[in-house]
Colleague: 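Dumping the structure here so I can ask a few things about it.
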There are 2 protein chains.
Amino acid sequence: MSRAETPRRGSRSGRAGIRDVAAAAGVSITTVSDALNGKGRLPDATRRHVREVADRLGYRPSAAARTLRTGKSGLIGLTVTTYGDEPFTFTEFAYFAEMARAATSAALARGYALVILPATSRHDVWSNVALDGTVVIDPSDQDPVVSELVRQGLPVVSDGRPAGALPVTAWVDNDHEAAVLGILDHLADAGARRIGLLTGTTTDTYTHLSTTAYLRWCERVGQDPVYEAYPAHDPCAGAVAADRLLARPDRPDAVYGLFDPNGTDLLAAARRYGLRVPDDLLLVCCSESAVYATTEPPITTLSLKPRRIGTAVVQLLIDAIEGVESDQPVEQVIPTELIVRTSSERRSPRRTVSPPRSPEEG
Amino acid sequence: MSRAETPRRGSRSGRAGIRDVAAAAGVSITTVSDALNGKGRLPDATRRHVREVADRLGYRPSAAARTLRTGKSGLIGLTVTTYGDEPFTFTEFAYFAEMARAATSAALARGYALVILPATSRHDVWSNVALDGTVVIDPSDQDPVVSELVRQGLPVVSDGRPAGALPVTAWVDNDHEAAVLGILDHLADAGARRIGLLTGTTTDTYTHLSTTAYLRWCERVGQDPVYEAYPAHDPCAGAVAADRLLARPDRPDAVYGLFDPNGTDLLAAARRYGLRVPDDLLLVCCSESAVYATTEPPITTLSLKPRRIGTAVVQLLIDAIEGVESDQPVEQVIPTELIVRTSSERRSPRRTVSPPRSPEEG
DNA sequence: TGACCTTGCAGAAACGTACCTGTCAACGGA
DNA sequence: TCCGTTGACAGGTACGTTTCTGCAAGGTCA
C-alpha cells in the first residue's frame with residue numbers, strides 16, 4: 001500500500017497482463033511470475049497475495065508469449081492420412097477414433113493437447129502452429145512431412161513401423177505377420193481347407209506385411225493363394241471385392257478380411273450366395289468395431305489394440321520432448337488380440353447366445 | 001552487397017530466424033517480412049530475391065512470435081464431451097468421427113487447425129494454448145468452459161443449441177423434435193400400433209428434446225409411452241435396456257433407438273425373443289454408421305448429417321473470428337435424413353437385396 | 001528551382017512472458 | 001566491528017515477429 005498509486009493507465013488490451021497483476025499487487029513482474037510458477041524464493045504470504053490478486057483480475061498468462069519465451073507450446077501434432085480432400089478414410093474410422101481418443105487422453109493427462117494436421121505437406125498450415133513434437137500414422141516411405149519435422153529438430157513418433165530409412169524418433173506397431181499367421185492357423189484348426197484373403201491395393205506397411213505373410217503361409221502349407229485386392233479407402237469397392245471373392249470358381253471356405261467393413265460385406269455376400277456362416281464359410285476380419293459381437297452370427301475379429309497404441313505413442317513422444325530417459329524401448333510392439341466368435345468356430349459351437357444379464361433380475 | 005559483412009555471429013538457436021535471412025539477403029528485417037507476407041511496396045526483384053534466400057536457409061517463421069505479435073494463432077478448439085477420464089463416448093463414435101472429420105477439413109481449407117480439448121474445465125490445459133475460437137459440442141446449461149471463453153472475448157460456436165441463456169456466438173443444430181415426430185409418423189404409417197423408445201438418462205439437449213417430442217406424440221395419438229432409459233455412455237447398458245424393452249408385458253411392435261448402437265442391440269434382442277424384423281417388430285435408430293445397410297435385415301436409420309454440421313460450425317466460427325459479416329444466420333438448423341431400409345417397411349418389401357454391381361461384369 | 005509526391009527500403013517499438021543478474025537489508029559468527 | 005551469507009525482491013534483456021514511422025533518392029509540376 002506504499003506507492004502503488006499509479007495504476008498503470010488502464011490495461012489497453014482489454015485482458016489483464018502480468019504487468020497489471022504486478023501493479024495491482026504492488027510487486028514486480030518477476031515476483032508475479034515466480035509466485036505463479038512456483039519458482040524463486042518467496043515467502044508463502046507473498047505467493048498467496050499475488051495468486052489472489054491474479055485471480056481477482058482474472059489474469060490468464062498469454063500462451064503465445066510463454067511459448068515464445070520457453071520454446072515449448074504444449075502442443076502435439078497428430079497427422080492423419082488423407083485421401084483427396086478428406087482428412088481420414090472411412091475404413092479406418094473405428095481404429096482411428098479409438099487411437100485418437102487414447103492419444104488425446106494420454107496427452108491431456110500430461111498437460112499436452114493434440115492438434116489434428118493433414119499428412120499432406122501444406123507448409124502454410126504446418127508452419128503456422130508451434131509444435132513440440134508429432135505423432136504420424138503410417139508414414140510413407142519418403143514422407144516429406146516427417147523429413148521436414150526432423151530437420152526442424154522435432155521428435156516424431158510413428159504409429160506403424162517406418163518404411164525405408166525414415167528417421168523417426170520412435171515407433172509403435174503390432175506384429176502384423178504374426179497376427180496373420182495366427183489367424184490362418186486358427187482358421188485351419190477350425191477346419192478350413194482353402195483360406196481366402198481380402199486385401200488392399202495401397203502400399204502401406206500394414207497391407208504389405210499382412211499380404212506377404214499370407215502368401216508365405218500359403219506357400220508353406222501348399223495352398224494356392226485366393227485373394228482379392230481393392231482400394232481400401234473406397235467402401236463400395238470393398239463390398240464388390242467381397243462379392244467377387246465368393247463368386248470365384250475356386251471359392252474359399254474361409255476368408256480373412258484386412259479391413260474393418262470386410263466383415264459385414266463378406267457376411268452380406270455369403271448370404272447372397274446362400275453360404276451359411278460358419279458351416280460353409282469361416283469368417284474373420286480385422287476390426288475395432290463392437291457391431292461384430294451382435295451380428296448374425298457374431299464375427300471373429302482381430303483387434304490391433306488402438307488404445308494401447310495411442311497411449312504408447314504419446315508417452316514415447318512426450319518422453320522424447322521432455323528429454324526423459326525412458327526405460328521403454330523406442331520401438332514398441334503391441335500384441336494383437338484375436339476375439340474368437342461364432343463365425344470361425346466350425347465344430348460344435350459351445351452354446352447358443354444367451355440374453356445379457358439384467359442388473360435388476362439376478 | 002555494400003555493408004552486410006558482419007554475418008551476425010552465427011544463429012545461436014539452430015534454426016534460421018528472420019534476422020539471418022535479412023543478413024544473408026543484404027536487406028532489412030522489415031523488407032524480409034514484407035517480401036514474404038506480400039505486403040509493403042517492393043519491386044518484384046527484391047521480393048523474389050528474399051524469397052529465394054529464405055528458401056535456401058530453410059527459414060520457417062516462428063508461429064509463437066507471429067501469434068504473440070498478431071494476436072491470431074490460427075488454432076480452433078474442439079471440445080469433446082468427457083465421461084470420466086475418456087475424451088469422448090463410444091456411443092457418439094461415428095457421429096463424432098464424421099463431424100470432426102468435416103470440421104478438420106473445413107478448418108484446414110481456411111488455414112486453421114483444430115485442437116482437441118476436454119470439456120472439463122482444466123484451466124492448465126486450456127490456458128496453455130492460444131485459441132482464436134472454439135467449437136463446443138452439446139454444451140451443458142451453465143457450462144464453465146463456455147463462460148470462461150466468452151469472458152476472454154473469444155467466439156464460441158456450439159454444435160447443438162445452447163441450453164438456457166448460454167451466450168454462444170452462434171450455433172448449429174438439427175430439428176430434433178421434427179425428426180422424432182417424422183420417424184414416429186413413418187412407423188405408424190408402416191403399421192405400428194405401439195411404438196417404443198430407447199432413450200438416455202443424461203440431461204443433454206438432444207436426449208431431452210427427443211424424449212419430450214416422443215411423449216407429446218404419444219399424448220396426441222393416445223398411445224401409452226413405452227420406453228427404457230439408460231446411461232448412453234455405457235455400451236453394455238444399451239444392450240440390457242434393449243432387452244428389457246422387448247421383455248415388457250406391453251411390448252412395443254416398433255422401436256426407435258436414440259443412440260447409434262441401439263440398432264444392433266435391438267436386433268439381437270429381437271432375435272432372442274424370436275421376433276422377426278420387420279414382420280413382428282419395426283426398427284429405426286439414429287446412427288451414422290454404414291453397417292446398418294448390410295445387417296440382416298438392413299435397418300432404417302436417421303442421419304443427423306454430422307458432416308454438414310461440422311462444416312457449418314467451423315465456417316460460422318471462422319467468420320466470427322475474421323469479423324466477416326456473414327450472410328448466413330448465426331443459428332443454423334440442418335435437416336436430418338431418414339434412410340429407409342427393410343427394418344421399417346412392414347408391407348410389401350419392394351425387392352430383395354441384390355448383389356452390388358461389379359465394375360467388371362456390366 | 002523549389003515544392004511535393006512516389007518509390008524502396010531501414011529503424012525501432014511493441015506483443016507478454018521467463019529468467020539472469022543484480023541490490024539491499026538483516027543476520028550470524030569471529 | 002566487519003565480513004560473508006542468505007532472503008526477498010526489482011531491473012532489464014531476450015524470445016522472433018509485425019508494423020508504424022521515418023527518410024533518402026528520384027521524378028513531376030508550377
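Reminder, nothing fancy here: chain letters follow the sequence lines and each chain counts from 1. Worth knowing before you read on, the calculation uses all heavy atoms, side chains too, and leaves out hydrogens, waters and symmetry mates. Treat the numbers as computed from the prediction; the structure is a model and nothing was measured.
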Colleague: Would you indicate which nucleotide in dC19(C), dC9(D), dC15(D) comes nearest to any side-chain atom of L42(A)?
Modeller: dC9(D)
Colleague: Starting at atom NZ of K39(B), determine the distance to atom C1' of dC20(D), rounded to an integer number of angstrom.
Modeller: 12 Å
Colleague: Whole angstroms only, please: what is the CG-C1' distance between D44(B) and dC9(C)?
Modeller: 15 Å
Colleague: Between D319(B) and R110(B), does at least one N-O distance fall below 4.0 Å, as a salt bridge requires?
Modeller: yes
Colleague: Which distance, rounded to the nearest 0.5 Å, do you find between the CZ of R66(A) and the OG of S73(A)?
Modeller: 12.0 Å
Colleague: Bend across the helix from dT1(C)-dA30(D) to dA30(C)-dT1(D), to 10°, with axes taken over 5 pairs at each end?
Modeller: 60°
Colleague: Return the nearest nucleotide to the side chain of P43(B); candidates are dC9(C), dT17(C), dT17(D).
Modeller: dC9(C)
Colleague: Identify whether any heavy atom of D34(A) sits under 4.0 Å from a base atom; if not, whether one sits that close to sugar-phosphate; answer base, sugar-phosphate or nothing.
Modeller: nothing
Colleague: Choose from dA10(C), dG16(C), dT17(D) the nucleotide whose nearest atom is closest to any side-chain atom of V27(B).
Modeller: dA10(C)
Colleague: Answer yes if the side chains of S33(A) and T30(A) hold a donor-acceptor pair under 3.5 Å, and no otherwise.
Modeller: no
Colleague: Taking the basic N atoms (NZ, or NE/NH1/NH2) and the acidic carboxylate oxygens, is any pair closer than 4.0 Å for D138(B) and R161(B)?
Modeller: no
Colleague: Mind checking T46(B) for me? I need base, sugar-phosphate or nothing, with any heavy atom below 4.0 Å counting as a touch.
Modeller: sugar-phosphate
Colleague: In this structure, how many angstroms lie between the P atom of dA10(D) and the CD1 atom of I18(A), rounded?
Modeller: 12 Å
Colleague: Check this for me: does any side-chain nitrogen of one of D132(B) and K72(B) sit under 4.0 Å from a carboxylate oxygen of the other?
Modeller: no
Colleague: Please classify the nucleic acid contact of I29(A) as base, sugar-phosphate, or nothing, using heavy-atom distances under 4.0 Å.
Modeller: nothing
Colleague: Determine the sole option in L78(A), V157(A), V156(A) for which the side-chain contact (heavy atoms from CB on, under 4.5 Å) test with L317(A) is passed.
Modeller: V157(A)
Colleague: Do T30(A) and dG11(D) share a donor-acceptor pair, side chain to base, under 3.5 Å?
Modeller: yes
Colleague: Select from L68(B) and T31(B) the residue whose nearest nucleotide in DNA chain C is closer to the 5' end of that strand.
Modeller: T31(B)
Colleague: Can you give me the closest heavy-atom contact between S127(A) and R60(B), atom names plus distance?
Modeller: CB-CD, 4.2 Å
Colleague: To the side chain of R41(A), which of dC9(C), dG7(D), dA18(C) is closest?
Modeller: dG7(D)
Colleague: Atom NE2 of H49(A) to atom C1' of dA8(D): distance rounded to whole Å?
Modeller: 15 Å
